[in-house]
Amino acid sequence: MSHVALAETLRRHGQDHLWQFADQLSVADRAALERQIAGIDFAQVAELFRHGVTNESHAELAARAAAPPAFRLSGQGNPFTVAEARRAGETALAAGQVGAVLVAGGQGTRLGFDHPKGMYPIGPVSNATLFQILIEKLVATGLRYGVRIPLYLMTSPATHEETLAYLDANQRFGLAAEDLIVFCQGTMPAVDAQSGRLLLEAPGRLFASPDGHGGMLAALDKSQALADMRRRQLRQLFYFQIDNPLVEVCDPVFVGYHMLAGSELSTQVVAKQQATERVGNVVSVDGQVRIIEYSDLPADIAAQQNADGSLKLWAGNIAVHVFDVAFLERVAADDHSLPFHVARKAVPYLNERGELITPSEPNAIKFERFIFDLLPLAKQAIVMEIDGRRVFAPVKNAPGSKTDSPETVRRQMLDLYREWLAAAGANVGAAAVEISPRFALDATELASKIAPGTTFATDTYLTCDHYSPTESPSCCTR
Ligand code: UTP
């Protein structure tokens, strides 16, 4: 774009201030700013700003909301048994039809960790990072079914380089290089909440942040990852997030339910304990499954009960999905498949005098896409209830926080392993015992490797020197 065209574009959109400090910039910095500006769809941002400040009401949607079609833990009303679902899922896994996508492009602001969240040490005994635990789960699952499961890993400009270097330095935790496909999501600028003007974070740089986990759709397409899935003849894609070390990666029962139900997009949910719990509500409105955020669900509707006293809108989203690859291809073809959400945030910015202002209150609007907004577009979408205690422990908040903190997550991990060990007949006493996915993926596998009566007197990390489950396991004690 020539300077004249650039100035004209900025003027037309009332964004001249972005070029205000250009004279002070080096040639390289000015060129970088120019590139950044050229990449902005100003008309789209203006439209989002206008739309975002009108008060959208979810009350009407919520009034028509019913419980979604579901596979319940109780088994009640389920059209297929767990055994049938497991068989279908295992068959698909063994046939190499299942891939996995892990979204790890978020900035992890609440955790307050200076690196990609995947590098956070969460193993209660081992200090293994979230990346290590999740990737080892994937590798071990592949070994169990005699296949290599490709991992599509989403980063953002904020996490990309460091993630690549970290995984490389750790030999991708056993994942073959050709089975790790890293793709980077896009960004969106933030605007001043009053004026709609974009913010500068430095004289030569616009403030921009990752465009939400929904950015996955466009990024999968643009990076050719979708084409890669097609080449590998993948049919299902297991979706998970970087912050939950307890997730059952490629859970065969979940994959199986998804397939047997003919669903294009399935979602794991927990049964909410309270009406106003801070989870997205998975509901059905006019026959379409969708999510209504807890903040958008009126209290009286959230409190509605069934005759037996249970919550009518019971299903809380835990952000674990299975996608049909063909569905992803279909929706990726339309850039409007996913709407943008707006969020008011405190964003540091340069004022007109070039001073960096760090507001303590929200001053800006950020735009993000959410992957679960694909739900209403999916045919036969269903949810599967899981036991949150066993498979859901998200690391969201900073150490010391009461909920979803590193401490609460480690405690939950140790409680689960203790349960597995007890079922295997081991004596744990007060010791902290952590089980690596390389040693055992579940209670049944653990029981096949631990002799009843085994005693753990000190804190122990049970791991395996070799990835092959046919090798004899070894324990390493710390
Ligand atoms: P969260 O919504 O918890 O956001 O992301 P976050 O960035 O990790 O943390 P906060 O809100 O700044 O404290 C849920 C999942 O979605 C991914 C995250 O990496 C995490 O796995 N995500 C989120 C992305 O991949 N890209 C995004 O733009 C946002």
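When a ligand or atom number is given, it counts from 1 through the structure's own listing order. Bear in mind the structure is a predicted one, so any value in this text is a computation, not a measurement.
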| said: Looking only at side-chain N and O atoms, does Glu434 offer a donor or acceptor that is under 3.5 Å from a partner on Ser126? | reply: yes
| field | Subset of ligand 1 atoms that lie under 4.0 Å from at least one heavy atom of Lys117 | value | 8 (O)
| query | For ligand 1, is Gly212 a contact, meaning one of its heavy atoms is under 4.0 Å away? | reply | yes
| Are any of the heavy atoms in Ala104 under 4.0 Å away from ligand 1? | yes
| request: Heavy-atom contacts with Gln185 under 4.0 Å: which atoms of ligand 1 show up? List them by number with element. | output: 24 (C), 25 (O), 26 (N), 27 (C), 28 (O)
| note | By salt bridge (Lys or Arg N to Asp or Glu O under 4.0 Å), Glu407 pairs with (sequence neighbours left out) none
| field | atom 25 (O) of ligand 1: nearest protein contact (heavy atom, Å) | value | Gly105 N, 2.8 Å
| task | May I ask you to list the atoms of ligand 1 that are less than 4.0 angstrom from any heavy atom of Met154? | result | 25 (O)
| request: Just go through Gly108, Pro210, Gly106 and tell me whose heavy atom is the nearest to atom 9 (O) of ligand 1. | output: Gly108
| query | Would Arg72 count as a cation-pi partner of Trp314, with NZ or CZ less than 6.0 Å from the six-membered ring centre and within 45° of the ring normal? | reply | yes
| message | Checking a contact table here: which protein heavy atom is nearest atom 16 (O) of ligand 1, and how many Å away? | response | His213 CD2, 3.5 Å
| How close does the nearest protein non-hydrogen atom get to atom 21 (O) of ligand 1, and which residue and atom is it? | Val103 O, 2.8 Å
| field | Any donor-acceptor N or O pair under 3.5 Å, side chains His115, Glu162 | value | yes
| message | Can you tell whether the side chains of Asp179 and Arg232 come within less than 4.0 Å, N to carboxylate O? | response | yes
| remark: For Lys396, the ligand 1 atoms with a heavy-atom partner under 4.0 Å come out as 1 (P), 3 (O), 14 (C)
| Single hit among Ile291, Ile318, Ile292 for side chain to side chain contact (heavy atoms under 4.5 Å, CB included) with Val282 | Ile291
| field | Gln107, any N or O under 3.5 Å of ligand 1 N or O | value | yes
| task | Return the set of residues passing side chain to side chain donor-acceptor pair (under 3.5 Å) with Tyr294 (not counting sequence neighbours), or none when no residue passes. | result | Arg278
| What is the nearest protein non-hydrogen atom to atom 11 (O) of ligand 1, stated with its residue, atom name and distance? | Arg110 NH2, 3.0 Å
| request: Could you check atom 12 (O) of ligand 1 against the protein and tell me its nearest heavy-atom contact, residue, atom and distance included? | output: Thr109 OG1, 2.5 Å
| field | Check: Arg172 main-chain N/O paired with Gln132 side-chain donor or acceptor under 3.5 Å | value | no
| message | I'd like to know if Asp192 and Arg197 make a salt bridge, using a cut-off of under 4.0 Å between side-chain N and carboxylate O. | response | no
| request: Name the closest protein heavy atom to atom 14 (C) of ligand 1, giving the residue it belongs to and the distance to 0.1 Å. | output: Gln241 OE1, 3.3 Å
